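Worksheet: the structure to be examined is printed underneath.
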Amino acid sequence: MSLYRNSAWFLKGLTEFTKGAFLSASKNFVEKDLETSMAGRSFMITGANSGIGKATAMAIAKKGGTIHMVCRNKDKAEEARAEIVKESGNKEIYVHILDLSETKKVWEFVESFKKKYKTLNVLINNAGCMMTKREVNGEGLEKSFASNSLAVYIFIKSLIPLLEKSTDPRVITVSSGGMLVQKLRTGNLQSQRGRYDGTMVYAQNKRQQVVMTEQFAKAHPSIHFSVMHPGWVDTPTIANAMPDFHSSMKERLRTPEQGADTVVWLAVSEAAVKSPSGRFFQDRQMVSAHLPLAWTHSSQLEDQKFMSVMEDLAKSFQPH
């Protein structure tokens, strides 16, 4: 089955995830969807100092949106901020320094953000981490899971009250096509058993993000939730964590701007919120979050168990 999944995924990728596939899909885009002012609306973007996150921040800044860049590296973040301000002419760009793999600090950040800011219209969970070997943080959590899954859960959970008070609230999570080869598993969230394969752990985290999006959408109908696949994009994460894939596919990889297109569309367009909440998107289209015959669907019971485990785990690190 895994051979089938991997083969089906790669063939799908060659036809749908490349730069050429984006150029083909973009012929059907409605230009006026993005012809909108975001003045007065605020956006939080994690991992906003490079790749897809930076391209997203730049595009929204040019539309007048207030941007909260949540980044790990202060120097890179300030450099990116200066570039965004210069190119967009928008000074409402704020840098917040946070390492998403440090769970208690994630809680502290989101709680203090709510106290300081009275509105947040859009949360964009973009930051991602792909490890080459299993590492744990100071709290004993496997770093990929802590950054990609638990941090996203805490960001959404904590910021829901602020989002619900704001107009037209949205939550967008940048997933990955890699999740198509993974079925949700709740029994080994920390990758303690079996051989550690960083690419597959990342793909499992991305499947978890899809399930989270579906479940949060059911629980909070006043917020529009979506999760998306940016395609195969030439980013520092891919170059560092998957060097062979990067070098062999380099000419066919999308630019960060092409990868960010659907994120921006989901964040700013009126068309995006006409789609049901909790769905998976690719190139501005709602698509299936599963490959045909790949047996990656989880049951309602499994999804609920996963959310319960995440809730308990998140609470255990919540400052009191």
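Since the model is a prediction, treat every value here as computed from it, not as a measurement.
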Q: Go through the steps to decide whether Asp303 and Lys305 satisfy the test salt bridge (charged side-chain N to carboxylate O under 4.0 Å, His left out), and finish with yes or no.
A: CA-CA 5 Å; Asp303 293 347; Lys305 182 190 173 189; over 6 Å; no

(Q) For a quick test of reading the model, state the closest non-hydrogen atom pair linking Val233 to Gly259 and the distance between them. (A) CG2-CA, 3.7 Å

Q: Name all residues meeting the side chain to side chain contact (heavy atoms under 4.5 Å, CB included) criterion together with Val30; count only those two or more places apart in sequence or in a different chain, and write none if there are none.
A: Lys32, Asp33

Q: Considering only NZ, NE, NH1 and NH2 on the basic side and carboxylate oxygens on the acidic side, decide whether Lys274 and Glu270 come within less than 4.0 Å.
A: no

Q. Among the clusters formed by ILVMFWY side chains lying less than 4.5 Å apart, do Met179 and Phe17 turn up in the same one?
A. yes

Q. Looking at side-chain heavy atoms only, is the closest gap between Met228 and Gln282 below 4.5 Å?
A. no

Q. Any side-chain heavy atom of Gln204 within less than 4.5 Å of one from Asp197?
A. no

Q.
For a 4.5 angstrom cut-off between non-hydrogen side-chain atoms, does Val174 reach Asn125?
A. no

Q: Evaluate salt bridge (charged side-chain N to carboxylate O under 4.0 Å, His left out) for Glu214 paired with Arg279, printing each intermediate quantity in order.
A: CA-CA 7 Å; Glu214 292 166 351; Arg279 299 301 178 84; over 6 Å; no

Let me have the donor-acceptor pairs involving side chains of residues 137-149, under 3.5 Å, with sequence neighbours excluded, atom names and distances please.
unit_1, atom_1, unit_2, atom_2, d
Asn137, OD1, Glu139, N, 2.9
Asn137, OD1, Gly140, N, 3.0
Asn137, OD1, Leu141, N, 2.8
Asn137, ND2, Ser101, O, 2.7
Asn137, ND2, Glu139, OE1, 3.1
Glu139, OE1, Thr103, N, 2.9
Glu139, OE1, Thr103, OG1, 3.4
Glu139, OE2, Lys104, N, 2.9
Glu142, OE1, Phe145, N, 2.9
Glu142, OE2, Ser144, N, 3.0
Glu142, OE2, Tyr196, OH, 2.7
Ser144, OG, Cys129, O, 3.4
Ser144, OG, Asn148, ND2, 3.1
Ser144, OG, Asn205, OD1, 2.7
Ser147, OG, Lys143, O, 3.0
Asn148, OD1, Cys129, N, 2.9
Asn148, ND2, Cys129, O, 2.8
Asn148, ND2, Ser144, O, 3.3
Asn148, ND2, Asn205, OD1, 3.1
Ser149, OG, Gln208, OE1, 2.6

**Q.** Contact check, side chains of Thr18 and Leu253, non-hydrogen atoms, under 4.5 Å
**A.** no

Q. Under a 4.0 Å N-O cut-off, is there an ion pair linking Glu135 with Lys133?
A. yes

Q | Short side-chain donor-acceptor distance under 3.5 Å, Tyr94 and Glu92 | A | yes

Q) Is there a salt bridge (charged side-chain N to carboxylate O under 4.0 Å, His left out) between Glu302 and Arg185 once you walk through the steps? A) CA-CA 8 Å; Glu302 287 170 316; Arg185 59 160 203 265; over 6 Å; no

Q) Which of these, Val110, Thr173, Val171, sits in a side chain to side chain contact (heavy atoms under 4.5 Å, CB included) with Leu123? A) Val171

Q) What are the two closest non-hydrogen atoms of Val106 and Asp99, and how far apart are they? A) CG2-O, 4.1 Å

For a quick test of your reading: what N or O donor-acceptor pairs under 3.5 Å do the side chains of residues 63-80 make, sequence neighbours left out?
unit_1, atom_1, unit_2, atom_2, d
Lys63, NZ, Leu34, O, 2.6
His68, ND1, His96, NE2, 2.9
Asn73, OD1, Asp75, N, 3.1
Asn73, OD1, Lys76, N, 3.0

(Q) Within the structure provided, determine whether Arg252 and Trp232 are in side-chain contact (heavy-atom separation under 4.5 Å). (A) no

Q: Could you give me the CA-CA distance, side-chain angles and deciding distance for Asp234 and Lys250, then say whether salt bridge (charged side-chain N to carboxylate O under 4.0 Å, His left out) is met?
A: CA-CA 7 Å; Asp234 193 352; Lys250 189 163 174 48; 3.0 Å; yes

Q) Phe10 and Met130: same hydrophobic cluster, using ILVMFWY side-chain contacts below 4.5 Å? A) yes

Q) Under 4.5 Å between side-chain heavy atoms, hopping through other hydrophobics if needed: is there a path connecting Met44 to Leu150? A) yes

Q) Can you check whether Phe281 reaches His229 side chain to side chain, under 4.5 Å on heavy atoms? A) no

Q) Under a 4.5 Å side-chain heavy-atom rule over Ile, Leu, Val, Met, Phe, Trp and Tyr, are Met310 and Val227 clustered together? A) no

Q. Crowded around Lys19 NZ? As in, over 12 foreign heavy atoms under 6.0 Å?
A. yes

List the atom pairs, donor and acceptor, that lie under 3.5 Å between side-chain atoms in residues 215-226 and the rest of the protein, sequence neighbours left out.
unit_1, atom_1, unit_2, atom_2, d
His220, ND1, Glu164, OE2, 3.4
His224, NE2, Ser275, O, 2.9

Q: Could you tell me whether the side chain of Leu159 reaches within less than 4.5 Å of the side chain of Leu120, counting heavy atoms only?
A: yes

Q | Asn126: side chain to side chain donor-acceptor pair (under 3.5 Å) partners, not counting sequence neighbours | A | none

**Q.** With Ser24 via side chain to side chain contact (heavy atoms under 4.5 Å, CB included) - residues at least two apart
**A.** none

Q.
According to a hydrophobic-cluster definition based on side-chain heavy atoms being under 4.5 Å apart (Ile, Leu, Val, Met, Phe, Trp, Tyr only), do Val268 and Ile84 belong together?
A. yes

**Q.** Cation-pi, Phe22 ring and Arg254 (6.0 angstrom, 45 degrees)
**A.** no

Q.
Is a donor from one side chain sitting under 3.5 angstrom from an acceptor on the other, for Ser158 and Glu111?
A. yes

**Q.** Heavy-atom side-chain contact between Glu102 and Leu100 under 4.5 Å
**A.** no

